[in-house]
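Just below is one structure, and these are the notes that go with it.
Below, read A as the first sequence line, B as the second, and so on, with proteins coming before strands; counting in each chain starts at 1.
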Amino acid sequence: MAVGGLASAPVPPSLAPVLPAAIPTPPPAGPLLAWYDRHRRTLPWRAGPATGAMPGEPDPYRIWLSEVMLQQTTVAAVGPRYARFLARFPDVQALAEAPWEDVAAEWAGLGYYARARNLHAAAKAVAGRGGFPDTEAGLRELPGIGAYTAAAIAAIAFGRPTVPVDGNVERVVARLLAIREPLPGARRLIAPIAARFMEQAEPRARPGDFVQALFDLGATLCTPRRPACALCPWRGDCEAQRQGIQESLPAKTPKAARKQRHGLHFLARDPAGRLLLRHRPPEGLLGGMLEIPGAPWREAPWSLEEALPHAPLPGLAWALRPGLAHHGFTHMDLDMRLAEASAPAGPAPPGMGWMEPAVALAALPTAIRRLLPLADPPLAEGPEPMASRPSGARGARKKGIRA
DNA sequence: AAGCCGGGGTG
DNA sequence: CACCCAGGCTT
């Protein structure tokens with residue numbers, strides 16, 4: 001196909017630098033689709049008889065939920081949480097009508113909590129308009145749906161001929177055409193190339209399968225490290241493999257170093273054994289999630305005396321527990337200490353509440369849960385190991401605790 | 001374009 | 001340890 005109307009007339013060499021460069025052509029999609037038909041992964045949100053989980057036509061609600069959960073989150077981590085979420089909120093109406101507290105509790109531990117807030121807001125919008133938009137542009141209007149997710153839902157749930165560009169597709173395309181420019185800048189080269197796949201008849205006939213075939217290729221063969229090129233349906237078409245540089249692609253610009261921060265949190269228990277907790281501000285880090293009250297996270301460590309003005313109740317006998325809870329965020333390393341006190345029966349301070357441990361602990365984000373083993377007696381083992389990895393053979397040492 | 005936003009799997 | 005993951009939003 002002509003790109004920028006340049007295909008028909010030869011371009012004089014002297015003018016070439018001034019004119020837009022032609023978009024490189026990706027390889028034929030046939031081999032990838034044939035490979036997908038043999039080797040595709042069985043996933044809970046994928047239609048077909050293989051799972052029985054989603055018979056018949058794709059359900060936009062289920063596709064949407066899977067795409068949002070999978071944003072920067074591995075398939076292994078999403079699996080059990082997806083089933084649980086779906087059991088609790090079976091359709092978009094149920095999610096729209098649920099209180100935020102229930103949605104937050106169900107999302108706790110999954111991270112990127114803006115996803116849960118946007119999911120809830122989008123459910124209300126969809127329920128209000130009587131169903132999901134069935135075009136990429138319409139989907140793009142919903143909160144939490146960006147360029148990638150809109151294209152993914154449009155292709156998988158509605159059969160639109162569009163190619164969502166995620167980390168897998170970036171890697172696959174960068175290798176196929178040996179694109180050496182580092183990400184994220186290289187995206188402006190990769191996206192138009194990926195889009196050209198839909199010029200071919202086979203992807204256009206089954207867009208949902210084709211884009212998921214790209215995902216599966218990136219997840220199982222064209223992996224970030226040690227790609228299995230010998231098994232790749234495109235092994236004869238890959239320029240990076242031909243040059244032997246596949247393991248160094250895609251290149252990435254280095255990221256900034258993580259900052260170090262310190263916190264000190266105050267855990268009060270009333271005579272009934274309930275815990276004094278509060279909600280974090282609705283935006284920002286862990287926005288809208290439950291936490292143990294404390295002094296703000298800052299550059300320098302806190303002493304108990306210094307942090308005391310941030311204690312939720314005045315006049316209690318706070319005891320600083322030994323040890324340090326550690327949590328690594330994407331852009332910050334956090335060390336937290338824990339002080340505890342017994343409180344007399346009485347109302348909670350404004351913005352806080354006394355909560356039963358069994359209810360509260362499950363709704364805490366992982367960073368805050370790391371404080372629990374410091375309590376005396378310990379309130380929990382901290383974050384549970386993942387259900388998909390039952391025996392936890394390695395890593396007998398628990399994360400998040402420092403002497 | 002760059003920074004913010006979680007948490008876990010993996011080599 | 002470092003790197004990555006079916007990214008979105010804000011500045």
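- Checking B:dG8, C:dA6, B:dG6 against the side-chain heavy atoms of A:Thr366 singles out B:dG8 as nearest.
- Atom P of nucleotide B:dG8 and atom CG of A:Leu70 are separated by 16 Å, given to the nearest angstrom.
- Nucleic acid contact for A:Thr149: sugar-phosphate only, since backbone atoms but no base atoms lie under 4.0 Å from a heavy atom of the residue.
- If you check the side chains of A:Thr73 and A:Arg115, you find a donor sitting under 3.5 Å from an acceptor.
- Distances were taken from every side-chain heavy atom of A:Leu43 (C-beta onward) to each of C:dA6, B:dC5, B:dG7; the shortest belongs to C:dA6.
- In this model, no side-chain donor or acceptor of A:Arg258 finds a partner on the base of C:dA2 within 3.5 Å.
- Which of B:dG6, C:dC4, C:dA6 sits closest to the side chain of A:Phe329 comes down to B:dG6.
- A:Ala256 comes within 4.0 angstrom of no nucleic acid atom, judged by non-hydrogen atoms across all strands.
- The phosphate of B:dG6 has neither OP1 nor OP2 within less than 4.0 Å of any side-chain N or O from A:His327.
- Summarising the geometry, atom CZ belonging to A:Phe85 is positioned 5.5 Å from atom CE belonging to A:Met69; distances are rounded to the nearest 0.5 Å.
- In this structure, the OH atom of A:Tyr112 is 13 Å from the P atom of C:dA6, given to the nearest Å.
- Using modelled atom types and a 3.5 Å distance limit, the side chains of A:Asp335 and A:His262 yield no donor-acceptor pair.
- In this structure, the CG atom of A:Asp333 is 12 Å from the C1' atom of C:dA2, given to the nearest Å.
- Of the C1' atoms belonging to C:dA6 and B:dG3, the separation is 23 Å, rounded to the nearest Å.
- In summary, A:Glu306 and A:Arg298 engage in a salt bridge, as defined by a charged side-chain N under 4.0 Å from a carboxylate O.
- A donor-acceptor contact under 3.5 angstrom links the side chains of A:Arg180 and A:Gln243, judged on distance only.
- Atom CD of residue A:Glu67 and atom CD1 of residue A:Ile145 lie 9.5 Å apart, to the nearest 0.5 angstrom.
- In this structure, A:Arg261 atom CZ and B:dC5 atom C1' are separated by 15 Å, rounded to whole Å.
- Taking the charged nitrogens against the carboxylate oxygens, A:Glu291 and A:Arg278 do have a contact shorter than 4.0 Å, which makes a salt bridge.
- Rounding to the nearest 0.5 Å gives a distance of 5.0 Å between CG of A:Leu267 and CD of A:Glu340.
- Between A:Arg62 atom CZ and C:dA6 atom C1' the separation is 19 Å, expressed in whole Å.
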Pairwise N/O distances under 3.5 Å, protein to nucleotides 9-11 of chain C:
unit_1: C:dC9; atom_1: OP1; unit_2: A:Gly144; atom_2: N; d: 2.7

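- Residue contacts for A:Leu214: at a heavy-atom cut-off of 4.0 Å it reaches no nucleic acid atom on any strand shown.
- Among the protein residues, A:Phe215 comes within range of the nucleic acid bases, having at least one heavy atom under 4.0 Å from a base atom.
- Within the nucleic acid shown, A:Gly287 has no heavy atom closer than 4.0 Å to any nucleic acid atom.
- Using a 4.5 Å heavy-atom cutoff, the side chains of A:Phe266 and A:Leu316 are not in contact.
- Atom OH in A:Tyr36 sits about 14 Å away from atom P in C:dA6, given to the nearest Å.
- You'll find that the side chain of A:Arg115 is closest to B:dG6, out of C:dA6, B:dG6, B:dG7.
- Whole-Å rounding puts the A:Lys259 NZ to B:dA2 C1' distance at 13 Å.
- B:dG6 and C:dT11: their P atoms are spaced 16 Å apart (whole Å).
- The stretch residues 165-185 of chain A touches DNA chain C through A:Asp166, A:Gly167, A:Asn168, A:Arg171, each having a heavy atom within less than 4.0 Å of the strand.
- As a whole-Å value, the separation of A:Gln72 CD from B:dC4 P is 16 Å.
- In this structure, the nucleotide among B:dG11, C:dC5, B:dC5 sitting nearest to the side chain of A:His331 is B:dC5.
- When each of B:dG6, C:dC3, C:dG7 is scored by its nearest atom to the side-chain atoms of A:Thr330, the top-ranked nucleotide is B:dG6.
- Mapping A:Gly328 and A:Arg226 onto DNA chain B by nearest heavy atom places A:Gly328 at the nucleotide closer to the 5' end.
- Checking C:dA6, C:dC4, B:dG6 against the side-chain heavy atoms of A:Leu286 singles out B:dG6 as nearest.
- Among the nucleotides C:dC5, B:dC5, B:dG6, the one closest to the side chain of A:Thr74 is C:dC5.
- Comparing C:dA6, B:dG9, B:dC5 by their nearest atom to the side chain of A:Arg225 picks out B:dG9.
- In this model, the phosphate group of B:dG8 is approached by a side-chain N or O of A:Arg370 to a distance below 4.0 Å at OP1 or OP2.
- A salt bridge between A:Asp216 and A:Arg41 is present, with a side-chain N of the basic residue lying under 4.0 Å from a carboxylate O of the acidic one.
- Checking B:dG6, C:dG7, C:dC5 against every side-chain atom of A:Tyr113, the shortest atom distance belongs to B:dG6.
- Using the six-membered ring where Trp is involved, A:Phe215 and A:Tyr148 have ring planes that are tilted, between 30° and 60° apart.
- A:Ile153 places none of its side-chain heavy atoms less than 4.5 Å from the side chain of A:Phe132.
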